[in-house]
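The first residue of the sequence shown is numbered 1, and numbering continues consecutively from there.
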Amino acid sequence: STLFPYTTLFRSVKLSAPMGHAWSVERVEATAPDQASVNAARKLARPGPWNDTGITGDLLWGACQGSGSTPYRTVVDTASPAFSCSCPSRKRPCKHVLALLLLWAQGQVKDTGEIAPFAAAWADARKARAAKAAAKAAAAAKAAAAATPQERDEQKASATTRAAQREARVSAGMAELDRFLADQVREGLATRAVDRPQRLERMAARMVDAQAPGVATRLRELALLPSTGNWPTRVLDEYGSLHLLAAAWAGQLNRSKSVV
C-alpha cells in the first residue's frame, strides 16, 4: 500500500536485538521513549532497589522496590525484544525495564539457572498467545487454499474494503487531532492548564476510536506531564510533532489520490 510508510507510525515498533550476550548501555538507552526515562532508569540501575534478578537464555527478570509495599515485577525477552512491568507507567518501555536492562549491560545480573515464577508465567503466556496466533494463521491459510476463485475474489474485495474503512477512520481522526492542536495553541497553553490532562485524555480516547493507538499513547503520556518547570516548552514541542504527523498523513493521502 502507498500508505505503508505512515501507517507504521501508528503501531508499536519492535527493535532488533543482539542475541547471546548483554546489550551495551547505548543499545539500552536507544530503546527509551524519551530522555526523561533514561535519566530515571539510570537512578534505578543499581543493586539497591532490586531483588530476585536473573537471566536464563533470552529471559531477563527482576523485582524493583518502588514507593509501595509490593515490588514491581519486570520481565524482558531480550531476543524479541518484548517486555512487561507491573508498574502503572504508560511509557513503553518504562524506567524499570530500562533500569533492569542497564543492570544487565553493566554485568550486575547473573545467570541463575532457575527462572522466577512470575517471569516463567509471563513467558508461558507469550508462548501460548504465539501458538494460538500461529494456529489461527494456519487455519486461515488452509481456508484460503481451499477457497474457490470466486471466494478468493470476495475475500480480496472484503480486505480492500476493510483497509479503506480503516484509512477513512484514521484520516478523520488525524484531521480532528490537527484541529484540536490548533485550538490549544490559539487559546494559549496557560489559559486552560488546569484541565489540560482531561482534554488530552478525551482526545486520546478519540484516537483509539480512529485506530491510531500510537498517537493515543503519546497524548496520554503528555497528559501525565506535570505543569511545573518548563512544561509549556515540552507541551508545545510535542504538539508540533503531532501536527507534523497529522500533516504527513494528510499529505500522503493527497499524493496517493492524485496518482492515476
For [X] versus [Y], what's the shortest heavy-atom pair and its separation?
X    : Y    : answer
T56  : E114 : OG1-N, 4.1 Å
A116 : D52  : CB-OD2, 3.7 Å
C87  : Y72  : CA-CD2, 3.5 Å
R196 : V235 : NH1-CG2, 4.0 Å
P93  : P33  : O-CD, 3.4 Å
A45  : L102 : CB-CB, 3.7 Å

Report task. Verify side-chain contact (heavy atoms from CB on, under 4.5 Å) between R220 and L200, making sure each step is shown before the conclusion. Result -> CA-CA 7 Å; R220 283 173 173 149; L200 288 169; over 6 Å; no
Query raised in the report: CZ of R152: more than 12 outside heavy atoms within 6.0 angstrom?
Result: yes
Query - Flag if over 12 foreign heavy atoms under 6.0 Å of CD, E187 - result: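 More than 12 within 6.0 Å, yes.
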Side-chain contact test, heavy atoms from C-beta onward, threshold under 4.5 Å: evaluate it for [X] versus [Y] and give yes or no.
X    : Y    : result
C85  : C94  : yes
K136 : K132 : no
L181 : M203 : no

Query - Worked check of side-chain contact (heavy atoms from CB on, under 4.5 Å) between E154 and Q150 - result: CA-CA 6 Å; E154 291 173 352; Q150 180 180 349; 3.3 Å; yes
Gap between atom [atom2] of [Y] and atom [atom1] of [X] - 0.5 Å precision:
X    : Y    : atom1 : atom2 : answer
W23  : E29  : CH2   : CD    : 12.5 Å
D153 : S158 : CG    : OG    : 12.5 Å
K110 : I55  : NZ    : CD1   : 11.5 Å
D209 : E176 : CG    : CD    : 9.5 Å
Q65  : H96  : CD    : NE2   : 9.5 Å
D34  : K95  : CG    : NZ    : 12.0 Å

Requested in this report: Sort and list the pairs that fulfil ring-ring contact (aromatic ring centres under 6.0 Å, His included) and have at least one residue in residues 193-248, not counting sequence neighbours.
Outcome: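 The answer is none; no pair qualifies.
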Would you confirm whether [X], through its side chain, and [Y], through its main-chain N or O, come within 3.5 Å as a donor-acceptor pair?
X    : Y    : value
T217 : P213 : yes
T161 : A157 : yes
T78  : D58  : yes

Path from [X] to [Y] over hydrophobic side-chain contacts below 4.5 Å:
X    : Y    : answer
V109 : I115 : no
L100 : W122 : no
L103 : L101 : yes
V215 : L224 : no
L177 : L189 : yes

Can we say [X] and [Y] salt-bridge, meaning some charged N sits less than 4.0 Å from an Asp/Glu carboxylate O?
X    : Y    : value
R90  : E201 : yes
E221 : K91  : no
D183 : R186 : yes

For [X] and [Y], which I'm curious about, is there any donor-acceptor pair between the side chains at under 3.5 Å?
X    : Y    : value
T53  : W61  : no
T233 : N230 : no
R27  : T31  : no

Report task. Could you give me the CA-CA distance, side-chain angles and deciding distance for L60 and D77, then say whether side-chain contact (heavy atoms from CB on, under 4.5 Å) is met? Result -> CA-CA 6 Å; L60 172 69; D77 178 347; over 6 Å; no
Query raised in the report: Are R73 and S84 close enough, and set up right, to give a side chain to side chain donor-acceptor pair (under 3.5 Å), and what steps lead you there?
Result: CA-CA 8 Å; R73 292 176 169 180; S84 173; over 6 Å; no
